[in-house]
Amino acid sequence: MEMEKDLLLNMYRKMQEIRIFETRITELFAEGRIPGFVHSYLGEEAVAVGTCSNLKTTDYITSTHRGHGHLIAKGGQLNEMMAELYGKATGYCKGKGGSMHIADVDLGILGANGIVGGGFTIAAGAGLASKLQKKDDVTVCFFGDGASNQSTFHEGINLASVWDLPVVFVCENNMYGISLSQEKHQKIKDVSDRAVAYGIPGVTVDGNDVVAVYESIKEAVKRARSGEGPSLIECKTYRHRGHFEGDPTNYRPDEEVQQWKAKEPIGRFRKKLLEMEICKEEALNAIDDEVTDQVEKAIKFAEESPDPAVEEAVQDVYTDMVEEVWS
Ligand SMILES: Cc1ncc(C[n+]2csc(CCOP(=O)(O)OP(=O)(O)O)c2C)c(N)n1
Ligand SMILES: [Mg+2]
C-alpha cells in the first residue's frame, strides 16, 4: 500500500463520518425524531469514500436513494445534512426535500435521487457539459445492482461511450434490489460484464476494500479526465441494514449477513492501517472521538433549528399557479 499517510487517514475519517452519522440516524429514526424515509448506507462506506477520494470539488456525482454516504464523501456538511433529514429550515433543501433529495451544486453534488436509475442520463448530461466547455471535470454516477436493469442504464452508458464522455459509472452491487436477490433479478453475476456492450472497460472490485476501490476508480478517473471516455466499475458490497429503516429484512439468510459483516470495510481498514504501522491505535481512536463529537453537534444543530415557514412551501416550485393555489 504505497499511498500517502494523510490520504489513508482521511479515508478512514470519512468512512467513520458515514458510519457514525448513519448509526445515529437509524437510532433517531427509530425514536421518531426523523420523518420520511431513510435508506441506510451502513456497510457500504468503502465504495463512496474510495471513489470520492479521487475527485476534486468541481467534479460531479449523481447519487441514489441510498445517498448519505456519497454526499458525505463528496464533502457534504453534516450540519446541513442532519437538518435536512430533520426537515428543518437550515437543511440543504430548506427542509423540503429530506433524505432522498439532498444536493449541493457548489460541491458537485447533483443530487440524491428517489428515481432508481435516475442518475445515468444526468451523469451523461453533466459529462457532455464538461466536454463542451472543455473542462477536465469528471462525473461519477453511483447506482445499484437493481438500477442496472433500468432502461436508463443503457441510454446513459451508451451515450457516454459513443461520445467519449468523462463519466465513471460506479455500481454498488449490494446483492439486492429491495428484497430481490441479484440471482433473481439478473442472469449475470458481474454487472461489469455489461461494459462489453458499450465497448468500455468493465472492472469488478471488492467494494469493502477501500484501497481496492480507490485504485480502480483512480484508473477510471484518469481515463475519463484525459478524454478517453467512460468506464464501468462494479464494487461488490453489502448493506448491513434492511432496504429502508423499518424493513423486517426476512429475505436474507442469517449466515449470509454474518459472513458479510465479518468483511465489513472499516474494521478491516483499521486493522490494515495498524498492521502496516501507518499510525498508532490512539490516533485512530482520536479520529473516532472527533467524528462522534461532530455528529452530535450536527444533531444539536438540527434539533435547535426552526421548522420551515409555511410560506416556504410554495417557494422554489416550478409552477406559475402558486399564487392561485395559495390564495
Ligand atoms: C424508477 C423506480 N422504480 C422503482 C422504484 C422503487 N425502488 C426503490 S429502491 C429500489 C431497489 C433499488 O435497488 P438497487 O438499485 O440495487 O439499490 P439498493 O437499494 O440496493 O442500494 C426500487 C425498485 C423507484 N424508486 N424508482
Ligand atoms: Mg442493490
Side-chain angles (χ1 to χ4, degrees), residues 18-19 21-22 25-26 29 36-52 61-74 97-103 111-124 140-157 168-194 204-208 213 232-253 256-257 259-261 263-265:
I18 299 171
R19 174 69 56 95
F21 182 91
E22 289 292 72
I25 293 293
T26 61
F29 186 85
F37 252 92
V38 168
H39 301 85
S40 166
Y41 198 68
L42 286 171
E44 306 186 21
E45 297 88 349
V47 181
V49 173
T51 299
C52 291
I61 62 165
T62 64
S63 179
T64 67
H65 55 287
R66 199 177 300 289
H68 308 165
H70 310 142
L71 313 179
I72 293 174
K74 188 66 176 55
S99 168
M100 280 185 276
H101 300 96
I102 296 177
N113 202 325
I115 310 295
V116 170
F120 298 112
T121 46
I122 296 173
V140 164
C141 171
F142 289 106
F143 65 98
D145 49 298
S148 71
N149 298 328
Q150 294 287 88
S151 60
T152 46
F153 173 91
H154 172 69
E155 295 167 38
I157 304 185
V168 181
F169 294 95
V170 179
C171 178
E172 301 179 308
N173 184 352
N174 60 11
M175 316 288 172
Y176 286 85
I178 310 187
S179 54
L180 210 58
S181 64
Q182 189 195 0
E183 61 188 19
K184 289 190 184 141
H185 75 64
Q186 55 192 194
K187 280 276 188 184
I188 51 170
K189 282 202 167 63
D190 295 330
V191 174
S192 64
D193 285 354
R194 293 192 172 168
T204 294
V205 282
D206 177 351
N208 281 11
V213 174
L232 171 53
I233 312 294
E234 175 192 19
C235 305
K236 305 265 199 207
T237 186
Y238 202 76
R239 57 172 154 76
H240 288 180
R241 306 283 300 174
H243 173 65
F244 58 93
E245 286 310 295
D247 175 3
T249 325
N250 49 7
Y251 47 84
R252 302 193 303 189
E256 181 184 287
V257 177
Q259 273 169 17
W260 275 97
K261 283 199 172 168
K263 293 191 282 188
E264 69 86 19

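One-based numbering, in listed order, for ligands and for the atoms of each. Reckoned from all heavy atoms, side chains included, excluding hydrogens, waters and symmetry mates.
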Within the 3.5 Å criterion, strictly below it, is a donor on Gln259 or Tyr238 matched to an acceptor on the partner's side chain? no
Minimum-distance protein heavy atom relative to atom 1 (C) of ligand 1: Gln150 NE2, 3.5 Å
Identity and separation of the nearest protein heavy atom to atom 21 (O) of ligand 1: Arg66 NE, 2.8 Å
Heavy atom of protein closer than 4.0 angstrom to atom 24 (C) of ligand 1: yes
Shortest non-hydrogen pair, Gly117 vs Ala147, comes out as N-CB, 4.0 Å
Measuring from non-hydrogen atoms of Gly117 to any atom of ligand 1, is the shortest distance under 4.0 Å? no
Scanning both residues in full, the closest heavy-atom pair of Phe142 with Thr64 reads O-CG2, 3.3 Å
If you have a sec, work out which protein heavy atom is nearest atom 14 (P) of ligand 1 and how many Å separate them, to one decimal? Gly146 N, 3.5 Å
Where is the tightest heavy-atom contact between Ala48 and Ala73, given as atom of each residue plus distance? O-CB, 3.6 Å
For Gly43, is there any backbone N or O sitting under 3.5 Å from a side-chain donor or acceptor partner on Glu45? yes
Just checking: Tyr176, one of its N/O/S atoms, less than 2.8 Å away from the Mg ion (ligand 2), yes or no? yes
Looking at Asn174, which atoms of ligand 1 are within less than 4.0 Å of one of its heavy atoms? 18 (P), 20 (O), 21 (O)
Give the C-alpha distance, both sets of side-chain angles, the deciding distance and a yes or no for side chain to side chain donor-acceptor pair (under 3.5 Å) between Gln186 and Asn149. CA-CA 8 Å; Gln186 55 192 194; Asn149 298 328; 2.9 Å; yes
Near Gly177 (heavy-atom distance under 4.0 Å), the atoms of ligand 1 are 13 (O), 16 (O)
Once rounded to 10 degrees, what value does the angle at the Mg ion (ligand 2) take between OD1 (Asn174) and OD1 (Asp145)? 90°
Salt bridge flag under 4.0 Å for residues Asp190 and Lys236: yes
Determine, stepwise, if the pair Thr121 / Thr152 fulfils side chain to side chain donor-acceptor pair (under 3.5 Å). CA-CA 7 Å; Thr121 46; Thr152 46; 6.0 Å; no
Short N/O distance, under 3.5 Å, between Ala147 and ligand 1? yes
Side chain Arg66, main chain Glu44, donor-acceptor under 3.5 Å: no
Students should be able to answer this: which protein heavy-atom is nearest to atom 11 (C) of ligand 1, and at what distance? Ile178 CG1, 3.5 Å
Are any of the N or O atoms of Ile115 closer than 3.5 Å to those of ligand 1? no
For ligand 1, which is the ligand I care about here, please tell me if Tyr176 has any N or O atom under 3.5 Å from one of the ligand's N or O atoms. yes
Could you identify the single nearest non-hydrogen protein atom to atom 5 (C) of ligand 1 and state the distance to 0.1 Å? Val116 CG2, 4.0 Å
Measure from atom 19 (O) of ligand 1 to every heavy atom in His185, His39, His65 and give the option owning the shortest one. His65
Without hydrogens or angle criteria, can the side chains of Glu172 and His70 be said to hold a donor-acceptor pair below 3.5 Å? yes
